[in-house]
Amino acid sequence: MLGKLFDYAQIEPKIIEKARIIIAQTIRENVTNKTFTITLPPPNITGSLHLGHAFTSVIQDILLRVKRQHGYVTLGQPGIDHAGIAAQIVVANQLYEKGISLQSLGREDFIKKVWSWKEQSGDMIVHQLVKLGMSIDLDRLRFTMDQDASKAVLKAFTMLYNDGLIYKAKRIVNWDPILKTAVSDLEVSNKIEPGKMWYIRYQLQQDEFIVIATTRPETIFGDQALAVHPNDERYMHLVDKEVKIPLTNRRIHIIADEHADPQKGSGIFKVTPGHDFFDFDVGKRHNLPILSIMDESACLNNEVPEDFRHLPVAAAREKVLAALAHSGLLEKTEDIVHSVPYNDRSGAVIEPMVTNQWFLETTKLADAAIRAVEDGKVKFVPDQWVHTYFEWLRNIQPWCLSRQIWWGHQIPVWYAPNGKMFCALTEEEAIQQAASYFDVAREFVPKLTQEQDVLDTWFSSALWPFVTLGWPKDSEDLKKYYPTDVLVTGFDIIFFWVSRMIMFSLYFTGDVPFSVVYINPLVRDENGQKMSKSKGNVIDPLYLMDKYGTDALRFTLTLQAIPGRDIRIGESLVECGRNFITKIWNAAKFLTIKECAYDVTFSMYSPNIVNALNKWIIRQMVCFKKQAFAHLENYRLDLFAQSIQKFLRDIFCDVYIEAIKTCDDVETKNTAISVFAEFLKVAHSITPFITEYLWEEMYSDKTMLLVEPWEYSGSIDESPDLTNFWIDVAAEIRSLYGLIGITQKSDLLVIGDEYNGFIQANEHWIKQIARLNSLQFVNKFSRDGIRFIVRGKEFCLKYSEKISVAIFDKKISTLSKDIQRLTLKIDNLQYKNAKPDKWNVDYKFREQKQQDLAKMLEIRGVMT
RNA sequence: GGUCACAUAGCUCAGAGGUAGAGCACUACGUUGACAUCGUAGGGGCCACAGGUUCGAUCCCUGUUGUGACCACCA
């Protein structure tokens, strides 16, 4: 006997335990060669999972479960990410709160701290994944810095290096002065802020000045030229002349460069190659020296006049402006709105700085990645995202791989004292290389020092789909599961991750990493705000699971998996999901109360089913399964969930259960419980706990839904039948009850026809859903009662009181409108010629409506 | 500046070249052999605007307006 409500808190852990072994088995045992693989995006070890993670996870789990149910060897490859900078910040902040500085701790001890944090955060993440009902084998959990992954990363680096795609260069990069590391373009986000444009006078001759507009007056000390457009007639005479940099005695030349835009500012710009990306390029074109005027914390260095040394950018700016104003060199100040580059993770304002960094040459890799998608080897769902993907890859820049932090994969390059670099998998290998390079015995090789920089965390992520399967070894897993099938992720990491995985997979394995990229929508809060800790609108999935049950959360999320749009999730939505879980529970309770016992020998597809209602629900069920499967194939998980909800509520509960309350025959009981079994199989992938529990309670404690297939590939007879007709008649009767306000059961009068037999055989359930006392055959309706029409057939409800004509007026007016609309279509000759089939349907439809209308008018006439 | 979305019921959003849909909210009724975490019935829409294609457009195309996201630029 089932309790009042589904006790998820009690049952979920039991189901998890029961499923664990089977899940692992379906992966480990070679039952079939059909495989389905998803590499789960490894969450960062920066804390616990948020609702967005839960959302992605659930979508993946549904795809996995459905495939597993249908006999695939199903691998959801779990992992967690060391999250380079992000994790370093988290742990550094923890230490800072305890009053410990990184410097005092030292690199080695700091890394130990991060490892112990990794254990803590990793455990939390794993716990959450388990609680979410992820059908994955956690024994396969990988970490981007575990031994094998680390080896693979080094291998990948050396391969790219030996191929000449990785190089070290002094370039201008985005520098984070708080973390004191380079970051990639992608990690910089621009914020629109109010700011100022200052117009500064550069002295040309005694009384002649050139006015330059800038938002960065403190960088004038790094200026190496002023530039005008070569065709700008106003300034052609200035080219090659010299000006003096304000506040200094340094003189720079005026050059001509295409980059100058005569429309902008004064048409002349200052060239500061050390502190501006464009100026860096201009400087290169004109062989200008690069002058760095800042240190790694973005304080001015000894290259600037003494008064301004060691000041951070903001303070330096104030002081420079004051000095300029004082010497009359500040022409004017304008308020403007401009964008300022920030690093979201540290909150630092990014400084373009020239530093020594490792770069990956990406052009060729990108070309291959573009082609793979163009050729359809990788599909995006929804496919609009290919634009985003192409756009980025077609304008790709070299990837700055190096980070000046401690936590991460240390770059496998060793330096000899003379600066010669040896890229190798191990130090020993580097020494060997050095020995042969210097042509000395191993013991005479000068001391080598390893590169201190670590790799961008996305470097290891980009290798993830094949590293988790054993690469660089030619492993069995790689043969079996690679390329993987689907990647599920958010659009925000198409650049960071998706495109780089495709580039690296093509380079290292010669194949695409996956064939489908399912881009799931971004989860926002109820008001459409992005969830963030600072806004305080983050919903913890654990909280929701504890309060409403995991199935409720899973169902709610799936229902929202609408492609191509952000979704809003609030607690009230989860409440609705929970209500649906309760609905499943109550339907099951009804069947057990009715003592429907599962009979494995009963076949729903047997021609021996006699009861029309049973035939009807079986047909509905088959239809539902077909539809559900089609939605899955189109990656429309929202519609998949919707079809599950609709079938159970609108068809199984509202019609079938209501109708069979008066039927106690064996066939009906068998049908009811068998149809419900099919429902549970379909619903299982979204709501694994309640379905698995009900399966165990009502059907079998030996088998699990986890591996019960349900796809129906036979054909269905969709022709309308009398069951449907009578369900509609019942609905019409209920509607009349509602409109008139009848609360008692009444009697229905029917004029006998060739279908009397059907009515007699099905009277019990018709009476039930139409809330009738009796069904009586008559030859003619009397003047009393409520007469009504359903699809041409007239009925009469016994009713002695007078009813309002308004009820009929409304029906008459909608009928008339329908007829009008249909007539317009039918009279259209081109329509008749173009679509004769449809035209015929419309014609018959109108005929029906016209008959209904005529009868309705007649009834209305009788009534008044 | 470029790219991609989006504009449908009070709200959040589905939808298909030919009957406008759901959930929530709202109104009325209701403990009929599961279910008040419920049921039954009901009200509510020039499907942003303007053109075009079509026999027919809310749906396809173009433009306009508005909203959002991303990329780039920012002397």
Side-chain angles (χ1 to χ4, degrees), chain A residues 2 4-6 185-186 190 192 195 197-200 211-216 226-227 259-261 264-272 276 278-279 336-340 382 384-388 390-392 395 491-492 494-495 522 526 528 548 552 559-560 562 564-568 570 572-573 575-594 636 638-639 642 645-646 653-654 657-658 661-662 664 731 734-743 745 768 771 814 817-818 821-822 824-825 827-835 838-839 841-842 845 849:
Chain A
L2 302 174
K4 179 157 172 58
L5 289 170
F6 175 52
D185 314 350
L186 290 175
N190 292 300
I192 306 284
M197 181 77 81
W198 290 280
Y199 289 77
I200 300 172
V211 176
I212 302 292
T214 181
T215 54
R216 308 276 326 257
L226 296 186
H259 178 244
D261 182 347
K264 272 190 190 166
S266 56
I268 313 178
F269 73 102
K270 65 194 215 46
V271 183
T272 320
D276 182 281
F278 261 103
D279 293 2
I336 55 157
V337 174
H338 66 151
S339 63
V340 181
Q384 79 214 27
W385 292 111
V386 298
H387 292 115
T388 309
F390 284 145
E391 169 110 353
W392 186 69
N395 300 300
F491 68 83
D492 48 333
I494 290 178
F495 305 147
L522 213 70
E526 245 161 335
Y548 298 100
L559 215 39
Q560 296 301 314
I562 299 151
R565 209 188 251 240
D566 293 353
I567 58 167
R568 303 180 177 194
S572 60
L573 265 184
E575 217 168 291
C576 297
R578 187 264 324 262
N579 294 352
F580 180 65
I581 302 302
T582 307
K583 191 79 186 168
I584 299 177
W585 185 254
N586 284 315
K589 225 160 81 179
F590 172 82
L591 297 178
T592 53
I593 287 168
K594 206 175 173 60
R636 287 301 304 266
D638 56 326
L639 298 181
Q642 217 175 79
Q645 196 172 25
K646 281 204 163 119
C653 291
D654 289 359
I657 285 190
E658 283 308 320
K661 279 181 175 170
T662 55
D664 288 312
R734 286 199 308 268
S735 168
L736 286 167
Y737 279 172
L739 287 169
I740 296 162
I742 300 172
T743 50
K745 286 182 175 178
Q768 178 66 23
R771 307 221 318 271
T814 50
K817 267 188 217 153
D818 285 355
R821 181 179 43 79
L822 284 166
L824 225 63
K825 275 169 74 180
D827 289 351
N828 184 337
L829 273 179
Q830 277 125 323
Y831 175 49
K832 186 180 177 180
N833 295 331
K835 303 270 172 69
K838 285 193 172 188
W839 187 90
V841 171
D842 281 336
F845 197 40
K849 296 238 176 206

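Lettering follows sequence order; numbering is per chain, from 1.
- Atom CD1 of I742(A) is separated from atom P of A41(B) by 14 Å (rounded to the nearest Å).
- At a cut-off of 3.5 angstrom, counting only N and O atoms as typed in the model, there is no donor on one side facing an acceptor on the other between the side-chain of T215(A) and the base of C74(B).
- Side-chain proximity of D654(A) to U40(B), A75(B), G56(B): nearest is U40(B).
- Note that the CG atom of D842(A) and the CG atom of L822(A) stand 5.5 Å from one another [nearest 0.5 Å].
- Across the C1' atoms, G43(B) and C35(B) are found 26 Å apart, a figure rounded to whole Å.
- Between the side chain of R578(A) and the base of U37(B), a donor-acceptor pair under 3.5 Å is found.
- Between W839(A) and L829(A) there is no side-chain heavy-atom pair separated by less than 4.5 Å.
- Residues Q560(A) and N579(A) each lie close to RNA chain B; by heavy-atom proximity, the contact nearer the 5' end of the strand is made by Q560(A).
- In this structure C46(B) sits in no base pair that meets the Watson-Crick or G-U test at under 3.5 Å.
- Between F845(A) atom CZ and K849(A) atom NZ the span is 4.0 Å, to the nearest 0.5 Å.
- At A41(B), one or more side-chain N or O atoms of R734(A) fall inside 4.0 Å of OP1 or OP2 (strictly under the cut-off).
- Across all strands shown, the partner of U40(B) is A28(B), judged by Watson-Crick or G-U wobble contacts whose two distances both fall under 3.5 Å.
- Heavy atoms of T214(A) sit under 4.0 angstrom from primed sugar atoms or phosphate atoms, though from no base atom.
- When each of W392(A), W385(A), F390(A) is checked for a side-chain contact (heavy atoms from CB on, under 4.5 Å) with T388(A), only W385(A) meets the rule.
- Among the atoms of the strands shown, none is found under 4.0 Å from any heavy atom of Q768(A).
- Of the two residues contacting RNA chain B, namely G267(A) and T582(A), the nearest-nucleotide position lying further toward the 5' end is that of T582(A).
- Of the candidates A75(B), A34(B), G18(B), G18(B) carries the atom nearest the K825(A) side chain, counting heavy atoms from C-beta on.
- Residue I268(A) is classed as a base contact, given a heavy-atom separation below 4.0 Å to a base.
- Across the strands present, C70(B) finds its partner in G2(B); the criterion is a Watson-Crick or G-U wobble pair with both atom distances under 3.5 angstrom.
- Minimum atom distance to the side chain of K661(A) is reached by G33(B), of the listed G33(B), C4(B), A14(B).
- Across all strands shown, A57(B) remains unpaired; no Watson-Crick or G-U wobble contact has both distances below 3.5 Å.
- On the P atoms, C55(B) is 35 Å away from G10(B), given to the nearest whole Å.
- C47(B) and C38(B) have their C1' atoms separated by 33 Å, with the value rounded to a whole Å.
- Separating the CG atom of L573(A) from the P atom of G23(B) is a distance of 13 Å, rounded to the nearest angstrom.
- A donor and an acceptor atom never sit less than 3.5 Å apart when one is taken from the side chain of K589(A) and the other from the base of C35(B).
- Rounded to a whole angstrom, the distance from the P atom of A16(B) to that of G21(B) is 14 Å.
- Pair assignment for U65(B) gives A7(B), based on Watson-Crick or G-U wobble hydrogen-bonding distances that are each under 3.5 Å.
- Proximity note for R821(A) (side chain, C-beta onward) versus A34(B), U19(B), C13(B): the nearest is U19(B).
- Between I584(A) atom CD1 and Q645(A) atom CD the span is 9.0 Å, to the nearest 0.5 Å.
- Within the 4.5 Å cutoff, the side chain of Q642(A) has heavy atoms near those of the L639(A) side chain.
- Judged by atom type and distance alone, E391(A) does not reach the base of A72(B) through any side-chain donor-acceptor pair under 3.5 Å.
- Distance check, rounded to the nearest 0.5 Å: CZ of F6(A) to CG of N586(A) gives 13.0 Å.
- Comparing the C1' positions of A75(B) and G68(B) gives a spacing of 31 Å, expressed to the nearest Å.
- Counting non-hydrogen atoms under 4.0 angstrom, A213(A) reaches the backbone sugars and phosphates but no base.
- The NZ-C1' distance, from K838(A) to U19(B), rounds to 12 Å in whole Å.
- Judged by Watson-Crick or G-U wobble contacts below 3.5 Å, the nucleotide G17(B) has no partner.
- With G18(B), C74(B), A34(B) as the candidates, the nucleotide lying closest to the side chain of I593(A) is A34(B).
- Taking atom C1' on both nucleotides, C59(B) is separated from A14(B) by 14 Å, rounded to a whole Å.
- With P as the reference atom, U58(B) and U8(B) are 15 Å apart, rounded to whole Å.
- For C29(B), its base never sits under 3.5 Å from the side chain of T743(A) at any donor and acceptor pair.
- For H387(A), whose side chain is taken as the heavy atoms from C-beta onward, the closest listed nucleotide among C4(B), A34(B), A75(B) is C4(B).
- Put simply, the side chain of K646(A) and the base of A22(B) share no donor and acceptor less than 3.5 Å apart.
- Proximity note for A260(A) (side chain, C-beta onward) versus A75(B), G39(B), G33(B): the nearest is A75(B).
- A salt bridge is absent between K832(A) and D827(A): the closest approach of a Lys/Arg side-chain nitrogen to an acidic carboxylate oxygen does not fall below 4.0 angstrom.
- Nucleotide G1(B) holds its P atom 13 Å from the CD1 atom of I192(A), rounded to whole Å.
- Using a distance-only test at 3.5 Å, with no hydrogens or angles considered, no donor-acceptor pair links the side chain of N828(A) to the main chain of L824(A).
- Whole-Å rounding puts the N395(A) CG to C73(B) C1' distance at 13 Å.
- Counting to the nearest Å, the P atom of G39(B) and the CD1 atom of I657(A) are 12 Å from each other.
- Side chain of F278(A), nearest nucleotide from C4(B), C55(B), C73(B): C73(B).
- When heavy atoms are screened at a 4.0 angstrom cut-off, S735(A) is found touching the sugar-phosphate backbone but no base atom.
- Here D664(A) lies in heavy-atom contact (under 4.0 Å) with a base.
- The residue D818(A) sits apart from the nucleic acid: no heavy atom pair falls under 4.0 Å.
- The shortest distance between side-chain heavy atoms of I742(A) and L736(A) does not fall below 4.5 Å.
- Proximity note for F269(A) (side chain, C-beta onward) versus A75(B), C70(B), C13(B): the nearest is A75(B).
- For A22(B), the paired base is U12(B) (Watson-Crick or G-U wobble, both distances below 3.5 Å).
- Taking the side chain of R771(A) as heavy atoms from C-beta on, and the options G33(B), A34(B), U32(B), the nearest nucleotide is U32(B).
- The residue F491(A) sits close only to the backbone: its heavy atoms come under 4.0 Å of sugar-phosphate atoms, none of a base.
- Using a 4.0 Å heavy-atom distance criterion, K835(A) is classed as a base contact.
- Counting any heavy atom pair closer than 4.0 Å across all strands shown, F495(A) reaches sugar-phosphate atoms only and no base atom.
- U64(B) and U3(B) are spaced 12 Å apart, taking the P atom of each and rounding to whole Å.
- Counting any heavy atom pair closer than 4.0 Å across all strands shown, L5(A) reaches a base atom.
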